[in-house]
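The basis for the numbers below is simple: all heavy atoms, side chains too, and nothing from hydrogens, waters or symmetry mates.
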Amino acid sequence: MIRCGSRKAISATSLLTRSESKSAQSLLNTIRRNRSSYDVAVVGGGIVGLATARELILRHPSLSFVVLEKEKELAVHQSGHNSGVIHSGIYYTPGSLKARLCVRGATLAYQYCETKGIPYQRCGKLIVAVEQEEIPRLKALYERGLQNNVRDLRMIDAKEIREREPYCRGLMALDSPYTGIVDWRLVAHTYGKEFQEVGGAVVMEFEVADIRMASESPEGTADGMKYPISIKSSKEEEVRCRYVLTCGGLYSDRLSQISGCSSEPRIVPFRGDYLVLKPEKHYLVKGNIYPVPDPRFPFLGVHFTPRMDGSVWLGPNAVLAFKREGYRLYDFNMRDFGDALSFRGLRKLVFRNLVYGVGEMYRGIFISAQVKLLQRYIPELSINDVLRGPAGVRAQALDRDGNLVDDFVFDGGVGAIGSRVLHVRNAPSPAATSSLAIGEMIADEVESRFQL
């Protein structure tokens, strides 16, 4: 997300509901923009930025906060283009930050949905071994899940698989009944609504183009240099603040470079294309059905995912996107494409996974190839049962050696601005599931760095 002027923020209101008209929303945004100075500005209105903004304002209600979002709505990109799964924390290295955040995040997510009346389903997940060679890896996953304190895990045999998923075939499976589904975009919007109701401001259509130390006080104010950071939009609008937190997702590397940070880790966009099951075939899938991960490959593999709207998604593949926010096969941006190809880390990743990558592209073009992979788990599935579906783009952080950056990366900058800016360079998957726990962690980091 590389990703207003005299502005006055309001504590925005319970009027902010999904049924609110566009004209009323426009009026609210105009009122919020009347204020131009805040204690803390959060750049990026995705689920991580909103969860963190919410956590910060609940901890520090006397401070003023603003979320700056480049789109017309919140949670448009990764937060609104994902599988909708509430993960339980099985896959991650025991004791790792990802494991702890996911397990805690899932618990917090269920509690939050209950408190706020957000619909969800705890439909469970089967990780299914269909070949003998996968069984040792499945058992290792089971042990890992137990070490991570994942709730209610158990190993089941072929008969029990059929009892849980009548049309699924496998030798053995890991049953995770604590896994669920939710509309993460709705969750993110609820974070934003709560943030606004307790006094936070949200400014839409503010694409950050520059962050720098200001040389003079804001025009028409008596604040002096109380708000020394100037954030300029691509339309030359300005917001002043004391501190900046960026949660830029697909543009986190570019945002961090504005304040003098390194260009690495680099964000490389990977698009995942889904198929959807035709409505008359929804009976084939009851809950989430996942493969046993293959450690030779960097991504998880295709799976079956029921959705809150009643649809069932199949996939995704994982291919290089030619545009950071390119959800269609032919979406293209020269800068995004050039940045990706010129990065040695991507070239090394592609070289190491060339056969896998070609296979992913092939399956993205030819539905029959994707269906053949899915038939390993549900043999009754046919190409006539599916349609092309939506896509998402994942912000994958890579280092210069082509390794997937699998941990959180924070950065500041150089010079005077470095002590007043915190960039979240990488918030790895499953960021949505972990969002409330991530928000707590980032808020801790903000308090420590900025001494709030």
Side-chain angles (χ1 to χ4, degrees), residues 83-96 98-99 102-103 106-107 110 120-182 274-275 277 281-297 299-307 310-316 363 369-382 385-386 429-430 433:
S83 65
V85 175
I86 304 174
H87 293 280
S88 58
I90 297 169
Y91 299 103
Y92 317 115
T93 303
S96 67
K98 281 185 69 172
C102 183
V103 172
T107 300
Y110 282 126
Y120 70 89
Q121 294 179 28
R122 200 172 295 176
C123 56
K125 172 168 71 176
L126 294 183
I127 302 175
V128 181
V130 294
E131 297 178 359
Q132 284 290 340
E133 66 179 29
E134 294 176 330
I135 291 178
R137 300 204 304 268
L138 186 69
K139 291 180 177 179
L141 270 185
Y142 174 63
E143 294 300 325
R144 177 172 284 195
L146 292 180
Q147 292 179 61
N148 287 340
N149 297 312
V150 175
R151 299 188 188 189
D152 305 325
L153 276 184
R154 65 190 188 110
M155 296 290 291
I156 63 176
D157 60 19
K159 179 182 176 182
E160 291 175 294
I161 291 173
R162 289 192 295 274
E163 290 173 354
R164 287 273 281 106
E165 292 283 354
Y167 297 92
C168 180
R169 297 295 177 263
L171 303 175
M172 188 176 289
L174 181 54
D175 181 14
S176 173
Y178 197 64
T179 299
I181 57 173
V182 74
Y274 287 90
L275 303 176
L277 206 54
K281 293 294 183 176
H282 286 177
Y283 67 87
L284 291 172
V285 178
K286 295 174 65 177
N288 294 283
I289 303 172
Y290 275 61
V292 178
D294 189 331
R296 296 174 299 169
F297 304 132
F299 298 112
L300 187 60
V302 297
H303 42 271
F304 300 76
T305 306
R307 302 277 296 177
S311 63
V312 179
W313 289 10
L314 317 176
R363 285 187 290 272
Q370 189 84 309
V371 169
K372 184 177 180 180
L373 206 56
L374 293 161
Q375 286 171 333
R376 300 177 73 216
Y377 306 93
I378 297 185
E380 289 192 27
L381 185 71
S382 77
D385 298 334
V386 302
S429 178
T433 297

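- Residues passing the ring-ring contact (aromatic ring centres under 6.0 Å, His included) test with Tyr142: none are found, sequence neighbours excluded.
- Taking a cutoff of 4.0 Å between a charged side-chain nitrogen and a carboxylate oxygen, Glu131 and Arg376 qualify as a salt bridge.
- Listed here is the closest heavy atom pair of Ile378 and Leu284: CD1-O, 3.6 Å.
- Taking 4.5 Å as the limit, every side-chain heavy atom of Val85 sits out of range of all side-chain heavy atoms of Thr433.
- At least one side-chain heavy atom of Leu277 sits less than 4.5 Å from a side-chain heavy atom of Leu381.
- The aromatic rings of Tyr178 and Tyr110 sit perpendicular to each other, their planes meeting at more than 60°, with 30° as the lower class boundary.
- Looking only at side-chain heavy atoms (C-beta outward), Arg154 and Glu160 come within less than 4.5 Å of each other.
- Put simply, the side chain of Val312 does not reach to within 4.5 Å of the side chain of Thr305, judged on heavy atoms.
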For residues 165-173, run the donor-acceptor check on the side chains, cut-off 3.5 Å, and write out each pair with its distance to 0.1 Å, sequence neighbours left out.
unit_1 : atom_1 : unit_2 : atom_2 : d
Glu165 : OE1    : Lys286 : N      : 3.0
Glu165 : OE2    : Lys286 : N      : 3.4
Glu165 : OE2    : Gly287 : N      : 2.6
Arg169 : NH1    : Pro166 : O      : 2.9

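- Panel note: side chain Asn148, backbone Tyr92; a donor-acceptor pair is recorded below 3.5 Å.
- Taking CD from Glu134 and CG from Asp294, the interatomic distance works out to 8.0 Å, rounded to the nearest 0.5 Å.
- Summarising the geometry, atom CD1 belonging to Ile156 is positioned 4.5 Å from atom CG belonging to Asp175; distances are rounded to the nearest 0.5 Å.
- In this structure, Ser176 and Asp152 have side chains that are not in contact, with every pair of non-hydrogen atoms separated by 4.5 Å or more.
- In this structure, Leu314 and Gln370 have side chains that are not in contact, with every pair of non-hydrogen atoms separated by 4.5 Å or more.
- Cys102 places none of its side-chain heavy atoms less than 4.5 Å from the side chain of Tyr91.
- Leu153 contributes atom CG, which lies 9.5 Å from atom NZ of Lys125 (distance to the nearest 0.5 angstrom).
- Here the side chains of Val371 and Asp385 are not in contact, with every heavy-atom distance at 4.5 Å or above.
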